Structure formats: C-alpha cells, structure tokens
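The next block holds one structure in the form of structure tokens; read it before the comments.
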Protein chains: 2
Amino acid sequence: MKHHDLILKNIAKHITLEKEETTYFLSLLESKTVKSKAYILKESESCQYLNFVNSGTLRAYFLNKQGKEWTIMFALKDWWVTDMHCFVKEQPAMLNIVATEKTEILRISKINLDLLFTEVPKFERFFRILFQNAYIREQVRVIQNLSLTAAERYEKFLAKYPQTIQQVTQKQIASYLGITPEFLSIIRNRRAKA
Amino acid sequence: MKHHDLILKNIAKHITLEKEETTYFLSLLESKTVKSKAYILKESESCQYLNFVNSGTLRAYFLNKQGKEWTIMFALKDWWVTDMHCFVKEQPAMLNIVATEKTEILRISKINLDLLFTEVPKFERFFRILFQNAYIREQVRVIQNLSLTAAERYEKFLAKYPQTIQQVTQKQIASYLGITPEFLSIIRNRRAKA
DNA sequence: CTGATTTCTTAAACTACATTAATGGTTTTG
DNA sequence: CAAAACCATTAATGTAGTTTAAGAAATCAG
C-alpha cells in the first residue's frame, strides 16, 4: 500500500478528483514519521498544519490552569486532526498533540490548504462535509457529557473506539471521559463484577 | 431593513455573490414567523430545514430518558440552527427547537440546499467556514465542560451571551450549563454576595 | 538486568452538585 | 380576574465523583 493510498481513499468518500488534481493535491502534502510520545504540537506554539493520520494514533489534549490534562480526541488511522481554533485563526495553540505510538502523518500547511481551495474548489466541498461531521460529533459529545453518568460515558467510549487503542492508558481514557483515573478504576471494577 | 438583508450580510462575511446568485439563493428560502413557545422541530420528526434566525431567539434542547432537558444552544438573531445530525443523515430528530420569544426565521430545505451547492458552488465555501466555526465552538464547549466548575461556566456564559437573552429562564440557563436550577440559584446568590 | 518512574488499584475522607420539599412570586389560561 | 401552572429561591439531606495516600504492577532508562 503506497503511503498516500489511505488519504486518497479518505477523500474519495466525498469527492472525485481528476488525475492532475490528485497530483496537485499530493504535491502539497508533507509526510512525517512521529515517534511514540513525540509531540507534533505544543501549547503556545503556532499551529501551521492540518494533519492526516496514515498509521498509528495521536492524542490531542488540553492542559488547564491546575495542570490537569483533558483529552479532546484520539485521532486514529484515517482521521484528520489539528488545533482547529488556532489553525484557522492563526493563534498560539491551546492544545497539545502527541503520538501514543509510532505514527505516520501526512500534513498540509495552512498556506497550501488555502491554495488548494483556490486551485481545486472541490476541496471546499470535501472539507465542508468533514467539518459538518466534526461539528455533529462534538455536539453529540456535548449532549452525552451533559446527560450521561461517567459509567454510561465509559460504555459509549468502549463501543465507539475499537481495541485499536491499546496504547492508550486508563489515565488518558479517564481524561477523555472527564473523570479521575481513580474513579475510572472503580467503574471498571464494578463493571467486571456485574 | 428588508427581511433578507440580515442573511445576505451574514453570507457576505465569507463569500461575494453576483446579483443572479443572490436572486437564486433568495428564491430557495422560505420565511416564517414563529410565535413565542412554538416549536419548529420536535423529537422524532423529520428535520428538513436549515434555519437562519432573522429576529428573536430559538432554543435547541435534548430530552433524555429521565425526562430532563439539556439545552444544546441558544440561537440568537444572525445564527444558523437545525438538528444537524438529523438534517444531514435524514434521520428522525433527537433535538427539540422552540422559540423563546416571537421569532422570524428564513429556512432552506435539504433538497434546496443540495441544489444550491450544485448551482452555486461558492456556497460550499460558505458552509465550510460556517461548519468549521461551529466545530471550533463545540470543541471549546467540550473543553470548558470538562475543565471548569459550574460557577466558572456560568461566568463564561454571561460573558458570551449578551443581555439579549432576557426571555431565557434560569432553568434554561442551568440546563445549558449542565446543572440544576437549584444549584444555579446558589451560584447566583454566592456571586451576588461576593 | 536493575533501580527509578509511571500506572493502576483500593480505601477513607471530602466536596461539588443533585434531590426533595416547602414557599412566595410570576405567568398562563380559561 | 381567579385558579392553575410554572418559576426562582432556600434549606436539609443524599450521592457521584474527587482528593489524598499508599501499595502493587507495569514500563522505562541507564
């Protein structure tokens, strides 16, 4: 499997590209290998890239004033990820993005993405659909965070994410669910007994 | 002020339309007046329209199994709102959308929106930017719900929403913040004393 | 391979927020 | 305009989830 087959398949889900468009698009990408535990973005840095995960897993998290980590998303293979707020508004990053295992990404700079929108307007459609889905997902998460207990959110998490996330620690799952690792441990214990 | 001046200004924030494009776009809209407390969408109905608030305020909320309401968003004048999940995937609505005061909306059906994307591809760009911003907003809300206390979230709410929302009750604000009206009352009391 | 660091678990004490219930105020409706 | 329904507030009591701490298990660095 060539190293950009996956991203082309991802795009083909929503738009159909001509050969030259494909070539042009690929010419705007950079590929990068990220070691396990290496960061591709740190808080307060500038956030120039939109990243596509070709293999591996990235984790995006927010660090609050008290120094607690809150996981915003796990980006598995075939996902797009960046600190969107900072990417779009060209402001210092609020999020940290780190590899939970060896990860290969394809990334496009903001400059090149803007160029792409001008040169191949079809991509406006692609990203319109992508953001539409992202918006829906976040809204569902807001609803679930408001209306479900921690134990129920944990069940949803297990259902949503495949075992693929083996590298992910309990601590990180807890920080995604909005609870402490200690309480997740209790939930898991109760669950195992039931 | 003509009744579609506001929506055209809203669109002009991100794209520039030719005269015929404007005319065509307007031809796809329906305008509607919604009485205070009337619903434009109820759970389990089909959700055919994307709505623009021309004046007034709408409130979108989710009703959980226990019969509790959780407010997803207040859509003020100049906002777009629908149950996006159900609009996009053509599934029965999960949300209820109700007017908190007399409200005028302009709405476009899914069929017409798809037509609009084909006929005036510029709108792909417009909605790409709209969804991008919506995604960012929801993600910020997820972060705040995870990392802030109820009292802190209330401060953010006050800062974010203008007094415009006079018609909104404490109960509704509480359901937006993810707390009970009783606890919001305590927060307001403490705040007044401080 | 070994000591050091990090992770997971358990438990006791604590706190933010929920529940229930009662009261007075406001809005809705016939 | 009166009765009904709903809303905001206060207070007592209850609970989901946190904090702190400590030990056992896993992972990491040299």
Side-chain angles (χ1 to χ4, degrees), chain A residues 35-39 57 59 61 63-71 74 96 98-102 144-158 165-194, chain B residues 34-39 57 59 61 63-71 74 96 98-102 142 144-158 165-194:
Chain A
K35 282 187 205 150
S36 182
K37 304 197 180 163
Y39 282 77
T57 309
R59 182 173 73 96
Y61 67 87
L63 205 69
N64 77 356
K65 279 168 261 161
Q66 292 93 52
K68 281 197 191 169
E69 276 183 19
W70 301 102
T71 296
F74 295 105
N96 299 276
V98 63
T100 65
E101 60 183 312
K102 188 190 170 201
Q144 292 187 352
N145 284 349
L146 290 174
S147 67
L148 300 181
T149 63
E152 288 167 329
R153 275 177 276 142
Y154 181 55
E155 295 302 327
K156 296 273 181 194
F157 177 87
L158 292 179
I165 332 194
Q166 295 296 359
Q167 343 293 330
V168 166
T169 63
Q170 302 302 118
K171 196 182 159 189
Q172 288 163 10
I173 295 174
S175 87
Y176 178 89
L177 298 175
I179 57 177
T180 58
E182 290 84 356
F183 191 56
L184 177 55
S185 191
I186 292 169
I187 288 172
R188 285 163 51 82
N189 189 338
R190 282 184 200 150
R191 191 180 128 90
K193 281 177 188 156
Chain B
V34 190
K35 282 188 204 153
S36 182
K37 303 197 181 161
Y39 281 76
T57 309
R59 183 172 72 96
Y61 67 88
L63 206 68
N64 78 355
K65 279 168 263 161
Q66 292 92 53
K68 280 196 190 172
E69 277 184 17
W70 301 103
T71 296
F74 296 105
N96 299 277
V98 63
T100 64
E101 61 184 312
K102 187 189 170 203
V142 167
Q144 292 186 353
N145 283 349
L146 290 175
S147 67
L148 301 181
T149 64
E152 289 167 329
R153 275 177 276 144
Y154 182 56
E155 295 301 328
K156 296 274 181 194
F157 178 87
L158 292 179
I165 334 193
Q166 297 295 359
Q167 341 293 330
V168 167
T169 63
Q170 301 303 119
K171 196 183 159 189
Q172 288 163 10
I173 294 174
S175 87
Y176 178 89
L177 298 175
I179 58 177
T180 59
E182 291 84 355
F183 192 56
L184 177 56
S185 194
I186 292 169
I187 289 172
R188 284 161 52 81
N189 189 337
R190 279 183 202 153
R191 191 181 128 89
K193 281 178 186 155

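We name chains A, B, ... by the order of the sequence lines, and we start the count at 1 in each one. What you see is a predicted model; the values in this text were computed from it and never measured.
For DNA chain D, the contact window with chain B, defined by any atom under 4.0 Å from a protein heavy atom, covers D/dC7 to D/dT10 in 5' to 3' order.
Atom CZ in A/R190 sits roughly 12 Å away from atom P in C/dT10 (whole-Å rounding). Rounded to an integer number of Å, the gap from B/E101 CD to C/dT27 P is 15 Å. In this structure, the CD atom of A/Q172 is 13 Å from the C1' atom of C/dC8, given to the nearest Å. One interatomic measurement links the two molecules: NZ of B/K171 to P of C/dT19, which rounds to 13 Å at whole-angstrom precision.
Checking B/K37 against B/A150, the closest nucleotide of DNA chain C that is more toward the 5' end is the one next to B/A150.
One distance of note links CD1 of A/I179 with OG1 of A/T149; it measures 9.5 Å at 0.5 Å rounding. In this structure, A/K171 NZ and A/I173 CD1 are separated by 13.0 Å, a value rounded to the nearest 0.5 Å. For the atom pair CH2 of B/W70 and CG of A/L148, the computed distance is 10.0 Å after rounding to the nearest 0.5 Å. Atom OH of A/Y61 sits about 9.0 Å away from atom OG1 of A/T71, to the nearest 0.5 Å. Going from atom NZ of A/K68 over to atom OG of B/S147 covers 10.0 Å, rounded to the nearest 0.5 Å. Here the CG-CD1 distance, from A/L177 to A/I187, works out to 7.0 Å after rounding to the nearest 0.5 Å.
Side-chain atoms of B/R59 and B/Y176 include no donor-acceptor pair closer than 3.5 Å.
At least one side-chain nitrogen or oxygen of B/K68 sits closer than 4.0 Å to the OP1 or OP2 atom of C/dT19.
Using a 4.0 Å cut-off on heavy atoms, the residues of residues 176-186 of chain A that approach DNA chain D are A/G178, A/I179, A/T180, A/E182, A/F183, listed by number.
Between B/E155 and B/R191 there is a salt bridge, with a side-chain nitrogen of the basic residue lying less than 4.0 Å from a carboxylate oxygen of the acidic one.
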